[in-house]
Amino acid sequence: MSSQTKSSLIGLTRDGLKSALAGMGVEPKHLSMRSSQLWNGMYVQGATDFGAMTTLSKAFRAELGEAFTLRRPEIATAQVSADGTRKWLIRFAPGIEVETVFIPDEDRGTLCISSQVGCTLNCRFCHTGTQKLVRNLTSAEIVAQIMIARDDLREWPRAGRNSDDRQITNVVMMGMGEPLYNFENVRDALDIVSDGEGLSVSKRRITLSTAGVVPMIPRAGEEIGSMLAISLHAARDDVRDVIVPLNKKYPIKELLEACRQYPGLSNARRITFEYVMLKGVNDSLADAKELVKVIRGIPAKINLIPFNPWPGAPYGCSEWEQIETFGDFVNRAGYASPIRTPRGRDIMAACGQLKSESIKQRASDRIAELRSKELSQMPH
Ligand code: SAH
């Protein structure tokens with residue numbers, strides 16, 4: 001088989017990996033051992049070829065290489081911001097691309113990963129929202145984003161790093177797409193990312209952000225159990241209906257009720273409410289008062305996000321003083337309310353600026369394209 005047609009083992013769940021091995025004839029009694037060895041090779045060592053997995057016999061490595069690869073998707077472009085933020089445009093297949101961002105800080109490094117190519121939500125202030133949904137990412141494609149980042153940051157032990165000297169300490173599902181509209185794949189991917197014998201990013205250091213898909217929040221609590229962030233952005237339904245249209249389906253009261261029920265909340269385990277500061281839209285003192293009123297009783301932290309501009313955006317960012325006044329009020333009401341420093345704006349890597357050129361081709365367009373190709377190949 002050519003290496004292009006062989007499939008990659010990266011991103012299979014543990015069960016998926018076992019079935020792949022069973023499929024190539026590994027005996028049931030050896031499955032558990034072999035898959036653990038492979039898991040370690042892939043996610044602890046970061047091996048990119050089976051030859052490097054010296055805990056496996058030479059013959060078995062050769063067999064694996066015949067059937068599978070450890071290939072990562074292609075990096076279409078990689079950019080580095082003046083502030084050290086990195087952004088990769090990752091190509092899974094022609095026209096299927098997403099962006100992944102790494103934000104280094106003094107005390108941590110956060111990888112922001114995407115769950116969908118495009119998005120269905122159309123939040124008015126979000127650049128990704130102007131790109132139609134092309135498709136959901138598979139769990140393997142979600143995991144591949146962290147593999148690529150670790151490759152590029154040279155974070156594997158073979159590059160001389162030990163595990164307490166990591167650059168990627170936190171993962172946020174805050175890239176392109178709505179993770180709760182791709183639930184199973186996101187869940188499986190985060191299980192792989194948090195596996196203690198593998199990539200080992202604990203669920204307490206993984207944050208899933210949702211625009212408020214209320215019916216999926218209980219399942220996220222039970223089946224994923226990561227930290228939860230809510231893109232709230234307004235405390236009144238009339239405002240939120242406009243800027244986050246999903247609010248018309250799941251209004252604020254229902255959303256906050258689902259938050260109250262989220263398992264394991266305490267002062268040490270709070271919900272993050274994201275609040276983008278839009279000039280003249282949601283940034284008045286009255287808005288701050290309303291916000292504090294509606295979230296009362298929820299262990300929460302409010303992340304104030306200065307609006308990041310993008311070409312054609314219908315909003316502007318609130319004045320700095322206005323953001324501070326808003327933040328002070330929320331803070332005095334007892335909630336941590338950090339103002340998020342915009343990172344990577346110069347490479348369009350900041351919150352809400354991500355977008356890829358991928359477009360979903362309509363079946364009719366695809367057929368027309370094929371026809372015209374056939375025609376052009378016909379002898380004249
Ligand atoms: N769909 C999920 C995941 C995306 S997270 C969600 O909505 O939570 C991306 C975060 O950036 C969200 O909080 C989003 O509302 C915010 N955001 C979008 N556009 C922005 C912009 N232009 N400036 C600042 N934040 C923005």
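Both counts, for ligands and for their atoms, begin at 1 and track the order of listing. Treat the numbers as computed from the prediction; the structure is a model and nothing was measured.
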Can V244 be reached from V239 by stepping across I, L, V, M, F, W or Y side chains whose heavy atoms are under 4.5 Å apart?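 In one cluster: yes.
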Do V134 and W88 share a hydrophobic cluster, counting only Ile, Leu, Val, Met, Phe, Trp and Tyr and linking them when any side-chain heavy atoms are less than 4.5 Å apart?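 V134 clusters together with W88.
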Residues E223 and R187 bridged, charged N to O under 4.0 Å: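 So E223 pairs with R187 through a salt bridge.
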Taking NZ, NE, NH1 and NH2 as the nitrogens, is one of them in D105 or R343 under 4.0 Å from a carboxylate oxygen of the other?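 Yes, D105 and R343 are salt-bridged.
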Protein contact to [atom] [nearest heavy atom, distance to 0.1 Å]:
atom	answer
atom 4 (C) of ligand 1	G175 O, 3.6 Å
atom 14 (C) of ligand 1	H233 NE2, 3.8 Å
atom 3 (C) of ligand 1	G177 O, 3.4 Å
atom 18 (C) of ligand 1	G352 CA, 3.3 Å
atom 6 (C) of ligand 1	S231 OG, 3.3 Å
atom 25 (N) of ligand 1	C351 CB, 3.4 Å

Which of the numbered atoms in ligand 1 are under 4.0 angstrom from any heavy atom belonging to [X]?
X	result
I305	24 (C), 25 (N)
V276	23 (N), 24 (C), 25 (N)
W310	22 (N)
A211	6 (C), 7 (O), 8 (O)

Ligand 1-proximal atoms of [X], by part, heavy-atom distance under 4.0 Å:
X	value
N308	both
V244	neither
E274	side chain

Would you say [X] and ligand 1 have an N/O pair spaced under 3.5 Å apart?
X	result
E178	yes
M174	no
P306	no

Would you call the rings of F307 and Y315 parallel, tilted or perpendicular, taking 30° and 60° as the class edges?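 Perpendicular, since the angle between the ring planes exceeds 60°.
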Given the rule in the salt bridge (Lys or Arg N to Asp or Glu O under 4.0 Å) test, do E254 and K249 qualify, once you have shown the distances and angles that lead to the verdict? CA-CA 10 Å; E254 288 174 28; K249 212 163 169 187; over 6 Å; no
Going by side-chain contact (heavy atoms from CB on, under 4.5 Å), F326 matches just one of N331, L304, I339, N282. Which one?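 Of the listed residues N331, L304, I339, N282, the side-chain contact (heavy atoms from CB on, under 4.5 Å) partner of F326 is L304.
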Quickly, which of T272, L208, L265, T207 forms a side-chain contact (heavy atoms from CB on, under 4.5 Å) with L228? Name it, please.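 Looking at T272, L208, L265, T207, the match for L228 under the side-chain contact (heavy atoms from CB on, under 4.5 Å) is L208.
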Return yes when atom CZ of R269 has more than 12 non-hydrogen atoms of other residues, nucleotides or ligands closer than 6.0 Å, and no otherwise.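 Correct, the count exceeds 12.
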Side chains of S139 and D188, donor plus acceptor under 3.5 Å: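 There is no such pair (donor and acceptor under 3.5 Å, judged by atom type) between the side chains of S139 and D188.
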